[in-house]
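Step one of this worksheet: look at the structure below.
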Number of protein chains: 2
Amino acid sequence: MASTAARSLNPRKTPRQARSAFTLDAIFEATIQLLVADGMHRLTTTKVAERAGVSVGTMYQYFPHKEALVYALNERYLEALAARIETTCQACQGRPIAEMVEALIDTYWRAKMERADVTRALYRSVAELDNQAMIDAFASRANAATSAMLASASDARFTDLRNVNLTLVTVVFGAVRNAFERNLRPTEARKLRRQLVVMCRAYLESVARPSA
Amino acid sequence: MASTAARSLNPRKTPRQARSAFTLDAIFEATIQLLVADGMHRLTTTKVAERAGVSVGTMYQYFPHKEALVYALNERYLEALAARIETTCQACQGRPIAEMVEALIDTYWRAKMERADVTRALYRSVAELDNQAMIDAFASRANAATSAMLASASDARFTDLRNVNLTLVTVVFGAVRNAFERNLRPTEARKLRRQLVVMCRAYLESVARPSA
DNA sequence: ACCTGAACACCGTTCAAGT
DNA sequence: ACCTGAACACCGTTCAAGT
């Protein structure tokens, strides 16, 4: 979206006093609550300020516009998600690929499903923002973590690791989101999650040359 | 989003005279152009009316509110996509699973990628709508088409067809969307598309009991 | 049966004034 | 260094009046 490129989505300032760090937290908390309850369309700066217990003007000291606020909120969540993926991938270093697949899918699936209302609200809120930079930053952290993990597998080597890894993360992240949007019953969701593990394992086994 | 459930997203009336069918087309065309150019956030009813060559009041005779307009536009596109999937699946009746996977991925991938600007604009526009009904309608048409195709495979039978089919479509649709959002270079995109075929084939082969 | 466009309520954003 | 909130421009939506 060329149109939003001109407006910076970065926060206006970072808090220098304890009071303003508190203010910032209150603004974020108010935003996520309103987003979950009413969605992006009904999120008004007045309501955010009111619930956070500050005036509109204060909100505009931290964020140049409403989109920047929502952007920053999403960045926080992606940051936390990336950290969780990194932890999982490090824990799986040197394990067999079957275990890696299981752990990766488990981490991502749970991160998205455990607070489904928040995930849904954030997916929706971020959709119309120019979020390419955010996506890229997340993707490169996730890629680094998963490809280091795959390279360390105890039971396989991959000729084109880059490509195999890209396929794996695209499928896992994409399928989890699609599953999420299908609003499945828990039983079906669990089955699907298991099948996703089966599929990724079948894939990795079919493209690996056994080794090490 | 409970909040939007109260407002009907259905069009207000269907055109009874040739003049108004023309008006409706003009409104849709104006909307898609503005959505591609500026995104949902800058889409104003005034601009839609102006570009369509009608007054705002006229637009409101067809759609109860802005969201209903965008919803109807997305419905049009999902309708066309479902039809394409059905055609592909029918053409693959009785073929081997490898061919089915190739054809399904090809159809979906191309439908999304051939007019990337439109796809992106629509993905973004629909995100904050209460689109569960639309997603469900599309999902059940796609499911019907792909599961009938899989059931007719010349080289395999599936013990739990429902589950296998759900996994297949979730992965294909989810991965294509995720690939889309990664903004890959054409070479990488092509590689990924091919790997997706490899993965789905490896999966189907691993869960099939050879037969027929 | 369909179209017009001024009018109204409300939202994003600013900025002069405060502590 | 941070906060306030009235004021302004603009957008979604309506409806009395037109053809």
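From a predicted model like this one, the values you see are computed outputs, not experimental measurements. In what follows, every chain begins at residue 1, and chains take the letters A, B, ... in the order their sequences are listed.
- By the side chain to side chain donor-acceptor pair (under 3.5 Å) test, T146(B) pairs with N165(B), sequence neighbours left out.
- Comparing atom distances between the S55(B) side chain and each of dT4(C), dT13(D), dC3(D) picks out dT4(C) as nearest.
- With sequence neighbours left out, E99(B) forms a salt bridge (Lys or Arg N to Asp or Glu O under 4.0 Å) with R95(B).
- At the heavy-atom level, L69(A) lies nowhere under 4.0 Å from the strands shown.
- Counting only heavy atoms from C-beta on, Y62(A) has its side chain closest to dC2(D) among dC2(C), dT4(D), dC2(D).
- Between K66(A) atom NZ and dC10(C) atom C1' the separation is 12 Å, expressed in whole Å.
- Here the options are L122(B), V36(B), I32(B), the test is side chain to side chain contact (heavy atoms under 4.5 Å, CB included), and the partner is D117(B); only V36(B) passes.
- If you measure from atom CG of L24(A) to atom P of dA1(D), you get 17 Å, rounded to the nearest angstrom.
- Taking a pair as Watson-Crick or G-U with both hydrogen-bonding distances under 3.5 Å, the stems of three or more pairs touching DNA chain C are C:4-8 with D:12-16, C:12-16 with D:4-8.
- Residues satisfying the side chain to side chain contact (heavy atoms under 4.5 Å, CB included) criterion with D25(A), sequence neighbours excluded, are R76(A).
- Of the listed nucleotides (dC3(C), dG12(D), dT4(C)), dC3(C) has the atom at the smallest distance from the side chain of Q61(B).
- Closest to the side chain of V56(B), out of dA6(C), dT4(C), dG12(C), is dA6(C).
- Between the CZ atom of R42(B) and the P atom of dG12(D) there is a distance of 13 Å, rounded to whole Å.
- Considering only the side chain of T45(B), dG12(D) comes nearest among dT13(C), dC3(D), dG12(D).
- Checked against the 6.0 Å centroid threshold, F28(B) and F63(B) count as a close aromatic pair.
- Shown are Y123(B), W109(B), Y108(B); of these, the ring pair (Phe, Tyr, Trp, His ring centres under 6.0 Å) with F180(B) is made only by Y123(B).
- For K47(A) and G57(A), each mapped to the nucleotide of DNA chain C holding its nearest heavy atom, the one lying further toward the 5' end belongs to K47(A).
- Within 4.0 Å (heavy atoms only), T58(A) reaches at least one base atom of the nucleic acid.
- Comparing dC3(C), dC11(D), dT13(D) by their nearest atom to the side chain of Y60(B) picks out dT13(D).
- Taking atom CD of residue E50(B) and atom P of nucleotide dT4(C), one finds them 13 Å apart after rounding to whole Å.
- Rounding to whole angstrom units, NE2 of residue H41(A) and C1' of dG12(C) are separated by 13 Å.
- Taking atom CE on M59(B) and atom C1' on dC2(C), their separation rounds to 15 Å, with Å as the unit.
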Which pairs would a plain distance check flag for residues 186-193 of chain B, meaning a side-chain donor or acceptor within less than 3.5 Å of a matching protein atom at least two apart in sequence or in another chain?
{"residue": "E188(B)", "atom": "OE2", "partner": "R162(A)", "partner atom": "NH2", "Å": "2.4"}
{"residue": "R193(B)", "atom": "NH2", "partner": "E102(B)", "partner atom": "OE2", "Å": "3.1"}
{"residue": "R193(B)", "atom": "NH2", "partner": "D106(B)", "partner atom": "OD1", "Å": "3.1"}

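- L78(B) meets the side chain to side chain contact (heavy atoms under 4.5 Å, CB included) test with L81(B), M134(B), F138(B); sequence neighbours excluded.
- Each of G53(B) and T46(A) was assigned the nucleotide of DNA chain C with the nearest heavy atom; the assignment lying further toward the 5' end belongs to G53(B).
- With rounding to whole Å, F63(A) atom CZ is found 15 Å from dT14(C) atom P.
- In this structure, T23(B) reaches the dC3(C) phosphate: one of its side-chain N or O atoms is under 4.0 Å from OP1 or OP2.
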